[in-house]
Amino acid sequence: MKNLPPLNGLRAFEAAGRHLTFQAAAQELDVTQGAVAQQVRALEAQLGIQLFERHSKGLIFTAAGRGYHAQVQTAFTTLREATETLLPEADKVLISVTPTFASKWLIPNLPDFSERHPDIDLRIVATEKVSSFHADGIDLAIRQGNPPFGASLDAHLLFKQEIIAVAAPELVNKISPDMDALASLPRIHDAHSLWPKFLGNAPSKHDALHGLQLSQTALAIDAAISGQGVALASRFLLRKEIEAGNLVQVVPEVMTGDSDFYLLVRRDTRKRPAVAAVIEWMTQASAPHGQHPRPT
């Protein structure tokens with residue numbers, strides 16, 4: 001087996017070939033971009049064959065590299081499947097989400113999921129960090145962005161980005177629902193800093209960044225519920241609070257975001273029964289009004 005290249009070099013090549021950038025491969029493998037590039041160069045040196053052409057915008061396979069990558073990718077898939085067969089966890093699904101998505105949408109909807117799938121152990125990783133499918137072992141992820149997300153991933157659109165302004169009813173029940181009145185109210189900010197764009201040409205635009213500053217949208221929503229001011233957030237995150245009467249939409253204006261919310265799944269795990277069940281449930285729950293067909 002002395003002709004078998006080092007496993008780290010093969011892993012770096014396999015990841016770089018799926019993403020066609022060293023940067024994305026490094027993020028997946030949780031190493032530096034330089035380490036991935038060095039491992040691929042060492043693999044090319046050992047094989048005596050150039051596998052990629054390097055360009056400023058990314059990587060392009062050579063003819064030899066493309067054929068080799070297909071076989072290496074198949075080998076890694078076989079290894080993963082063999083491990084899953086040896087240590088089956090068909091009833092466990094690990095999903096990566098942001099803390100706001102977890103607290104304001106996923107967790108409030110989990111009772112329905114548990115009722116429908118009591119045999120599936122849904123494990124939630126709530127972090128602002130972008131988790132790696134390979135390094136962190138996640139099965140699914142919620143990402144805000146625009147496709148494509150990678151050749152090895154399937155993307156399911158869950159929610160369009162529609163930003164609305166909300167506040168506690170007692171804060172706004174005596175004002176007119178227009179942008180002039182909105183501009184005079186105290187504002188709650190999160191890390192996305194959406195107020196200047198939302199206010200546009202409304203009065204007090206130069207004060208758009210003043211107000212309570214919080215690090216997460218979930219905290220901004222909670223502050224709005226407590227009457228601290230007006231918060232901006234995606235409509236789908238606010239639906240239950242609005243229906244419960246804890247928040248009201250202050251003005252009818254809606255700001256469309258430039259990136260939407262997607263459910264991402266690795267193509268080599270999407271057919272696992274438990275993963276497929278979570279995908280089906282999430283896409284149904286995110287449909288208009290979150291209507292699920294009742295099980296028969």
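Atoms considered below: every heavy atom in the structure, side chains included; atoms not considered: hydrogens, waters and symmetry mates.
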**Study point:** Full working for side chain to side chain contact (heavy atoms under 4.5 Å, CB included) between Thr21 and Leu59
**Key:** CA-CA 6 Å; Thr21 71; Leu59 305 170; 5.6 Å; no
Compare all side-chain heavy atoms of [X] with those of [Y] and state whether any distance is below 4.5 angstrom.
X	Y	result
Ile120	Phe113	yes
Gln216	Asp190	no
Glu128	Pro99	yes
Leu182	Leu199	yes
Leu263	Leu140	yes
Asp91	Asp119	no
Arg187	Gln213	no
Ile242	Val166	yes

If Ile, Leu, Val, Met, Phe, Trp and Tyr residues are connected whenever their side-chain heavy atoms lie under 4.5 Å apart, and connections chain through other members, are [X] and [Y] in the same group?
X	Y	result
Leu153	Leu157	yes
Phe61	Phe76	yes
Val278	Val97	yes
Val265	Ile95	yes
Trp281	Tyr262	no

Can you say whether the rings of [X] and [Y] are parallel (under 30°), tilted (30 to 60°) or perpendicular (over 60°)?
X	Y	answer
Phe159	Phe261	perpendicular
Phe13	Tyr68	parallel
Trp195	Phe198	perpendicular

Closest approach of [X] and [Y], non-hydrogen atoms and distance?
X	Y	value
Ser286	Thr283	OG-O, 3.2 Å
Pro169	Gly245	CG-O, 3.4 Å
Leu47	Pro5	CD2-CG, 4.2 Å
Asn146	Asp258	ND2-O, 3.0 Å
Leu185	Leu171	CD2-O, 4.3 Å
Gly145	Phe149	C-CZ, 3.8 Å

Practice item. Using distance alone, with no hydrogens and no angle criterion, decide if Thr77 and Asp268 have a side-chain donor and acceptor under 3.5 Å apart. Key: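 Checked: Thr77/Asp268 side chains show no N/O donor-acceptor pair below 3.5 Å.
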Review point. Just by distance, with hydrogens left out, do Ser234 and Gln161 show a side-chain donor and acceptor under 3.5 Å apart?
Key: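 Indeed, the side chains of Ser234 and Gln161 share at least one donor-acceptor pair under 3.5 Å.
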Exercise for review: Step by step, work out the side chain to side chain contact (heavy atoms under 4.5 Å, CB included) result for Leu214 and Leu212.
Suggested key: CA-CA 7 Å; Leu214 297 167; Leu212 179 62; 4.0 Å; yes
Practice item. Quickly, which of Arg143, Gln144, Lys160 forms a side chain to side chain donor-acceptor pair (under 3.5 Å) with Asp260? Name it, please. Key: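 Output: one option passes, namely Lys160.
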Is the side chain of [X] donor-acceptor paired with the backbone N or O of [Y] at a distance under 3.5 Å, no angle test?
X	Y	answer
Arg267	Ala151	yes
His69	Glu14	yes
Arg54	Phe52	yes
Thr62	Gln50	yes
Ser96	Ala141	no
Glu162	Arg235	no

Measure the [atom1]-[atom2] distance between [X] and [Y] for me, rounded to the nearest 0.5 Å.
X	Y	atom1	atom2	result
Ile188	Ile221	CD1	CD1	10.0 Å
Glu81	Thr74	CD	OG1	9.5 Å
Asp178	Ile175	CG	CD1	7.5 Å
Asn246	Leu238	CG	CG	11.0 Å
Glu241	Glu243	CD	CD	10.0 Å
Leu232	Thr217	CG	OG1	9.5 Å

Review point. So among Arg270, Lys92, Arg272, Arg123, which one has a side chain to side chain contact (heavy atoms under 4.5 Å, CB included) with Asp139?
Key: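 The option that passes is Arg272.
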**Study point:** Residues, nucleotides or ligands: over 12 heavy atoms within 6.0 Å of Lys57 NZ
**Key:**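 Atom NZ in Lys57 is not crowded, with 12 or fewer foreign heavy atoms closer than 6.0 Å.
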Exercise for review: Start with the C-alpha distance between Val250 and Ile164, add both sets of side-chain angles, then the distance that settles side chain to side chain contact (heavy atoms under 4.5 Å, CB included), and finish with yes or no.
Suggested key: CA-CA 8 Å; Val250 182; Ile164 61 174; over 6 Å; no
Exercise for review: Please lay out, stage by stage, how Asp222 and Lys104 fare under the test salt bridge (Lys or Arg N to Asp or Glu O under 4.0 Å).
Suggested key: CA-CA 10 Å; Asp222 290 342; Lys104 296 303 179 184; 2.5 Å; yes
Could you give the side-chain donor-acceptor pairs of residues 26-40 under 3.5 Å, partners two or more places apart or in another chain?
from  : atom 1 : to     : atom 2 : distance (Å)
Glu28 : OE1    : Arg18  : NH1    : 3.0
Glu28 : OE1    : Arg18  : NH2    : 3.3
Glu28 : OE1    : His19  : NE2    : 2.6
Glu28 : OE2    : Arg18  : NH2    : 2.5
Glu28 : OE2    : His134 : NE2    : 3.2
Thr32 : OG1    : Ala35  : N      : 3.0

Check your understanding: For Leu43 and Leu10, what are the C-alpha separation, side-chain angles and deciding distance, and is it a side chain to side chain contact (heavy atoms under 4.5 Å, CB included)?
Key -> CA-CA 7 Å; Leu43 177 63; Leu10 291 172; 4.2 Å; yes
